[in-house]
Amino acid sequence: MQRLTAPDAAAVGDNPTADAHYEHPHARKGFFTDTSICIGCKACEVACKEWNRNPADSDYELSNSSFDNSEGLSADTWRHVAFIEQDRGRIEAARESGRALVSLGMPRIRPADVPTTAGEAITTAVTGGMTGPLSEVAGRPPAGLPPAPDLGELDVLSSLGGGPTRPEDAGAVDTTPPDTPEFRWLMSSDVCKHCTNAGCLDVCPTGALFRTEHGTVVVQDDVCNGCGTCVAGCPFGVIERRKDGIAQPKTERSAAPVTPTGPGKPEKARNVGVAQKCTLCYDRLVDDQTPACAQACPTTSIKYGEREDLVSGARERVARLHAEGRTEARLYGANPNDGVGGTGSVFLLLDEPEVYGLPPDPRVPTADLPRMYARAGLAMAGMAAASALAFVLGGRQ
Amino acid sequence: MVKAPPWDERVALYLVCGGIAGGSALLAFGAQLTGRDALRRNARLTALGTASVGALALVADLGRPERFLNMLRTIKPTSPMSLGSWILAGFSTGAGLAAVADLDRMTGEVLPLGPLRSVLRAFEAPAGALAALLGAPLAGYTAVLLSDTAMPTWNAAKDDLPFVFVSSASLASGGMAMITTPTAQAGPARALALAGVAGDLVAAQAMERRMDPVAAEPLHQGRPGWLMRWSERLAIVGGIGTVAAGVTARTAPRASRWVAAASGAALVTASAFTRFGVFYAGKDSAMDPRYTIEPQKRRLEARRRAGITHDSITTAG
Ligand code: SF4
Ligand code: SF4
Ligand code: SF4
């Protein structure tokens, strides 16, 4: 029997396998995609295509708006590297919105442990602000935190880049690489989020979508009947029904599309008419292998592993970037209290999520299902009552 | 940002058919209990006919139609599509048996049923009751099916869409019976149609008023906007015609019959327009990321202003 509501995070923990009643649950696996070090090489995208023998998206069509020609996740593209060009104004706005998150008192980054060195002290001072407004940290530290050093005197940051060193002024430190003073290019490798409360899985009528022992969400290709409900159920626009295609690279730029018929002809795509998305390389996981995309990533922007470890690593990374004045850094999907109960694939972003094509406040539709059923029940009862009444009021024959 | 389901007009057609079928089964059951033979027979045949067309359209829209039986692989309360498949299967069984019994009677028992005829007769009344029991669910569950998605317009309509759908089903099934059945027996059909018109006008207004204004936009623009506007007009015209047909039923039966049929056609069309309109609006809302981003940002901001900051997907660490 399935759950009707999003479970509360405390009951299930961060590992949704408990909910799927595995007798021997494994650790929850996931990705941490650190977009701050992605170079946009698209190696992951290619590796995923090759490993899964996914069809080509198009016949060398160019998007005409960007160097990114695959444009988004689809039934045939399970990893997608987005390119976003930004000018100086956009960078400043991103830094500001990141700083606003900090002062909102978003979840703390690390326990208020003992800072050992001066550098550590600054990190704690800057990032300890997760529990309260920054001004509080700089002046009177909230209870539980060690007294913050007098940053004005310590002046460690000034040796890095010069300029103000108080955390509230950190955004003014110019950390932009010197060769691109007015411009940045955001690169981000997007993928299925493997949600804790997965909309796709909840609404699938056939049970084709299931929760694996690793806490990931996978389609059983031989069960899915292509009803497409999951496509609408995903709050991230990830899963899609496969149309058709050829799973073979073309060799010439102007090559005409080939008709896949007969032996020796190009390989026809598998699973046409069936819902398709990232499997978190389920076939590799069962053999303790790293997913193809993570293995191919040359910068370690895509990190694969146990979700718990990945999230703590991600938090440290954000803390470090904030300490460097890059307040635009933030995490996406690490919060078990969010609308989808946290995601298996966590991202470090350098701007608002919608800039990357990610929804700013996704909510799994099934979280509201009990209410929807209640409203529908009321409406149905009304209809039945109306027809009963119609026979009372409808007059004699 | 979100992807529209790969459903085409066949699914919208199913939404229309499901509504007419569900309401017709209710009318047939009432007629069965009150001895209105013509209404009972016509409504049963309508229920079976529309349910079959709808089911075929639904199967044809699958990516793998040959696997349609997988729909009944499991019963899954979190999936309106799963529950809906069971409702449709149960409904079709009931409506089918009841309609075949009437068909058999209508054709002078030409079906080579043999001893099965008495079995069919015995099951006729319970089958009609089963179809009636599942009638309203069949007409209304599709609202949940649409709302339980990430499509901004459908999702934002979740509180009121079921009321719009059952109202539109009532007016359409009433209208259908007004077309098929002599005015003398169609009194209840007219009453149901009028209740449907009233409910439809109120619920559609309430729905659009209570939705996020940005998420409601697709309901007013382009093709869905046109469909929704004309659906309202046709419902009003059909409603007025229904009253006229009822008033003149005894004094001018011939004219009343024509007015009833025309009003019925207007009502069926109104219902089809409502459902196609809602269907297209939801699909349109997936095309422009604005419909996803703006309402979400607004609600996130509202929560932050209210001091709720623990549930954001974006965190500072
Ligand atoms: S991101 Fe979408 S497709 Fe992936 S698990 Fe979540 S709901 Fe399913
Ligand atoms: S398309 Fe396949 S995986 Fe998606 S909901 Fe339908 S049966 Fe399930
Ligand atoms: S985990 Fe496997 S299936 Fe998923 S994006 Fe990476 S390579 Fe593709």
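Each chain gets a letter, A, B and so on, in the order the sequences are listed, and its residues count up from 1. Just so it is clear, the structure is predicted and the values come from calculations on it, not from any experiment.
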Problem - chain A contact via S147(B) - side chain, backbone, both or neither, heavy atoms under 4.5 Å - result: both
Problem - Part of A143(B) within contact of chain A (heavy atom distance under 4.5 Å) - result: neither
Problem - Greatest number of heavy atom pairs closer than 4.5 Å to chain A - which of L300(B), V59(B), T292(B), L72(B) - result: L300(B)
Handout entry: When A314(A), C204(A), A275(A) are compared by non-hydrogen pairs under 4.5 Å with chain B, the top option
Key = C204(A)
Practice task
Using non-hydrogen atoms and a 4.5 Å limit, figure out which bit of D190(A) sits close to chain B: side chain, backbone, both or neither.
Solution key: neither
Completion exercise
Residue from G23(B), G140(B), A195(B), G30(B) scoring the most non-hydrogen pairs under 4.5 Å with chain A is G30(B)
Fill in the blank from the handout: OG1 of T229(A) to CE of M71(B), rounded to nearest 0.5 Å, is 5.5 Å
Practice task
Could you check which of A232(A), G228(A), G72(A), G237(A) has the highest count of heavy-atom pairs closer than 4.5 Å to chain B?
Solution key: A232(A)
Handout entry: Nearest-0.5 Å distance that lies between atom OG1 in T78(B) and atom CG in L201(A)
Key = 7.5 Å
Exercise for the section: Any chance you could measure S82(B), atom OG, to D202(A), atom CG, to the nearest 0.5 Å? Expected result: 12.0 Å
Problem - Heavy-atom proximity to chain B below 4.5 Å, by part of V238(A) - result: backbone
Practice task
Considering only heavy atoms and a distance below 4.5 Å, find which of R190(B), R303(B), R299(B) pairs most often with chain A.
Solution key: R299(B)
Handout entry: Segment of F29(B) engaging chain A (4.5 angstrom heavy-atom cut-off)
Key = neither
Problem - Pick from G226(A), S74(A), G333(A), P205(A) with the largest number of heavy-atom pairs that fall under 4.5 Å of chain B - result: P205(A)
Completion exercise
With chain A, the option among I313(B), T149(B), V166(B) that has the most non-hydrogen atom pairs under 4.5 Å is I313(B)
Handout entry: Beyond-backbone contact of L369(A) with K158(B), side-chain heavy atoms, under 4.5 angstrom
Key = no
Handout entry: Contact class of F68(B) relative to chain A, heavy atoms under 4.5 angstrom
Key = backbone
Practice task
Measure the CG-CG distance between D311(B) and N335(A) for me, rounded to the nearest 0.5 Å.
Solution key: 7.5 Å
Exercise for the section: Please flag which part of P359(A) lies under 4.5 Å from any non-hydrogen atom of chain B: side chain, backbone, both or neither. Expected result: both
Exercise for the section: Among the options P365(A), G273(A), G199(A), pick out the one with the most heavy-atom pairs lying under 4.5 Å from chain B. Expected result: P365(A)
Fill in the blank from the handout: Honestly, the part of L358(A) sitting under 4.5 Å from a heavy atom of chain B is backbone
Practice task
Let me know if I239(A) has heavy atoms under 4.5 Å from chain B in its side chain, its backbone, both or neither.
Solution key: backbone
Problem - Minimal non-hydrogen separation, P162(B) against A376(A), with atom names - result: CB-CA, 3.6 Å
Handout entry: Donor-acceptor contact present, side-chain Y373(A) to main-chain V144(B), <3.5 Å
Key = no
Completion exercise
Only one of Q296(B), K297(B), R290(B) passes side-chain hydrogen bond (donor to acceptor under 3.5 Å, both in side chains) with E354(A), and that residue is K297(B)
Completion exercise
For L62(B) and R241(A) the tightest heavy-atom approach is C-NH1, 3.8 Å
Completion exercise
Looking only at heavy atoms, the pair that brings T314(B) and R330(A) closest together is CG2-CD, 3.4 Å
Completion exercise
Honestly, the part of R242(A) sitting under 4.5 Å from a heavy atom of chain B is neither
Practice task
With a 4.5 angstrom heavy-atom cut-off, could you sort out which part of P6(B) is near chain A: side chain, backbone, both or neither?
Solution key: both
Handout entry: Closest contact, heavy atoms only, V274(A) versus R64(B)
Key = CG2-CG, 3.9 Å
Problem - pair R375(A)-D160(B): side-chain heavy atoms closer than 4.5 Å - result: yes
Handout entry: Check ion pair D361(A)-R298(B) (N to O, under 4.0 angstrom)
Key = no
Fill in the blank from the handout: Note: F391(A) and L26(B) closest approach over all heavy atoms is CE1-O, 4.2 Å
Completion exercise
Greatest number of non-hydrogen atom pairs under 4.5 angstrom with chain B, of L349(A), D222(A), L348(A), falls to D222(A)
Fill in the blank from the handout: Scanning both residues in full, the closest heavy-atom pair of V223(A) with R73(B) reads CG1-NH1, 3.5 Å
Practice task
Decide yes or no for F236(A) and V2(B): does some side-chain heavy atom of the first lie under 4.5 Å from some side-chain heavy atom of the second?
Solution key: no
Fill in the blank from the handout: Assert top hit (heavy-atom pairs under 4.5 Å, partner chain B, pool G377(A), G98(A), A384(A), A379(A)) equals A379(A)
Practice task
Please examine the side chains of Y332(A) and T315(B), heavy atoms only from C-beta on, and report whether any two atoms are closer than 4.5 Å.
Solution key: no
Fill in the blank from the handout: Looking only at L138(B), N70(B), L146(B), L161(B), most heavy-atom pairs under 4.5 Å shared with chain A are made by N70(B)
Problem - Sidechain-backbone polar pair: W7(B) side chain, C227(A) backbone, donor-acceptor under 3.5 Å - result: yes
Handout entry: Which atoms of L194(B) approach chain A - backbone, side chain, both or neither, heavy atom under 4.5 Å
Key = neither
Exercise for the section: Identify which part of C234(A) has an atom lying under 4.5 Å from any heavy atom of chain B, answering side chain, backbone, both or neither. Expected result: backbone
Handout entry: Reported CG-to-CG distance for the pair D368(A) and D159(B), which is rounded to 0.5 angstrom
Key = 8.5 Å
Exercise for the section: Pick one of side chain, backbone, both or neither for L83(B), based on which atoms fall under 4.5 Å of a heavy atom in chain A. Expected result: side chain
Completion exercise
dist T206(A):OG1 -> R67(B):CZ (nearest 0.5 Å) comes out at 9.5 Å
